[in-house]
Amino acid sequence: MWKSQFSINVIGHILTPHRHRKPRFIAWVKVFLSYLVKVKEDLYLYWDKTIDDASMTPQIIYLERYLNFVFEQTTIFINEGYTLGPWIFLDTETPSPDFFMDEDDSFIFSFDDAILVDFTVNIPAVIEGQTSRIAAIVHKYKLPSKSFIIQIF
């Protein structure tokens, strides 16, 4: 991606005085400058790797685009959050006074125990094994006060 507009070797050749421009001296200058050329190329490679991280913002649409780019998908999308709960527990679990009966064999929390999720990341079942990596990426780029869940469709 980064096109080098100049060559350090060409600059070294130009800055060499004319009386020293013999093949052996030019070869020595190129060897002397080779480490700088390597550092410059490593810097360009590092820039290519980190350009997406540097331009990343916590905006939901950009996070969605980044996830689709990383996992080579077009089906990952992010929805608005919703309220999770109330929670249903089996009859074998010990109920507390906050429960009321839903059916004969289950109990359900009261509506005060619901949790609000700020956004939902929907991923296809094909990349279900990558959920921990997706969660790490979303945790890295989301706003600190936001919460999310990952749903598989």
Side-chain angles (χ1 to χ4, degrees), residues 1-13 27-153:
M1 180 175 161
W2 299 96
K3 300 296 180 193
S4 178
Q5 298 296 325
F6 67 94
S7 171
I8 294 176
N9 287 327
V10 171
I11 292 174
H13 187 77
W28 181 84
V29 169
K30 286 183 181 181
V31 168
F32 182 71
L33 294 174
S34 65
Y35 188 74
L36 288 176
V37 172
K38 180 188 173 300
V39 168
K40 184 184 84 163
E41 293 301 322
D42 288 346
L43 180 65
Y44 288 157
L45 288 174
Y46 180 73
W47 284 349
D48 284 341
K49 285 183 193 175
T50 59
I51 190 70
D52 289 331
D53 283 343
S55 63
M56 187 65 191
T57 66
Q59 296 174 351
I60 295 295
I61 193 69
Y62 200 83
L63 183 60
E64 181 178 310
R65 184 190 80 66
Y66 185 70
L67 287 172
N68 281 316
F69 173 74
V70 168
F71 295 102
E72 297 174 353
Q73 297 284 322
T74 58
T75 55
I76 298 174
F77 62 97
I78 297 176
N79 283 345
E80 287 291 321
Y82 53 87
T83 305
L84 293 176
W87 312 103
I88 298 176
F89 291 92
L90 295 176
D91 191 20
T92 57
E93 297 177 12
T94 54
S96 68
D98 296 336
F99 292 107
F100 60 91
M101 290 292 287
D102 180 30
E103 294 178 6
D104 291 338
D105 64 342
S106 65
F107 291 94
I108 190 166
F109 268 109
S110 66
F111 288 107
D112 297 335
D113 296 322
I115 299 170
L116 179 65
V117 176
D118 293 313
F119 63 94
T120 305
V121 179
N122 298 290
I123 62 170
V126 176
I127 58 172
E128 182 177 354
Q130 299 286 332
T131 53
S132 60
R133 186 171 170 215
I134 292 171
I137 290 172
V138 174
H139 271 293
K140 182 178 180 181
Y141 294 117
K142 74 175 181 68
L143 290 174
S145 63
K146 301 297 180 183
S147 61
F148 71 97
I149 61 169
I150 297 175
Q151 286 187 340
I152 301 166
F153 62 90

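From a predicted model like this one, the values you see are computed outputs, not experimental measurements.
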Kindly compute the distance separating [atom1] ([X]) from [atom2] ([Y]), expressed to the nearest 0.5 Å.
X      : Y      : atom1 : atom2 : result
Asn68  : Leu63  : CG    : CG    : 10.0 Å
Ile134 : Ile150 : CD1   : CD1   : 5.5 Å
Leu67  : Ile127 : CG    : CD1   : 8.0 Å
Lys146 : Ile60  : NZ    : CD1   : 8.0 Å
Asn122 : Thr75  : CG    : OG1   : 10.0 Å

Check your understanding: Do the non-hydrogen side-chain atoms of Phe71 and Ile137 ever get within less than 4.5 Å of each other?
Key -> yes
Going by atom type alone, with no hydrogens or angles, which donor-acceptor pairs under 3.5 Å involve a side-chain atom of residues 28-37 and a protein atom two or more places apart or on another chain?
unit_1	atom_1	unit_2	atom_2	d
Ser34	OG	Val31	O	2.8

**Study point:** Side-chain donor/acceptor of Asp118 to backbone N/O of Ser147, under 3.5 Å
**Key:** yes
Shortest non-hydrogen contact from [X] toward [Y]:
X      : Y      : value
Pro124 : Ile76  : CD-CG1, 3.9 Å
Glu80  : Thr120 : O-OG1, 3.9 Å
Phe119 : Ile78  : CD1-CG2, 3.7 Å

Review point. More than 12 heavy atoms of other residues, nucleotides or ligands under 6.0 Å from OH of Tyr46: is that the case?
Key: no
Check your understanding: Just wondering, are more than 12 heavy atoms of other shown residues or ligands nearer than 6.0 Å to CG in Leu143?
Key -> yes
**Study point:** salt bridge (Lys or Arg N to Asp or Glu O under 4.0 Å) partners for Lys38, two or more places apart
**Key:** Asp42
Exercise for review: Among residues two or more places apart or on two chains, list those pairs meeting side chain to side chain donor-acceptor pair (under 3.5 Å) that have a residue in residues 128-140.
Suggested key: none
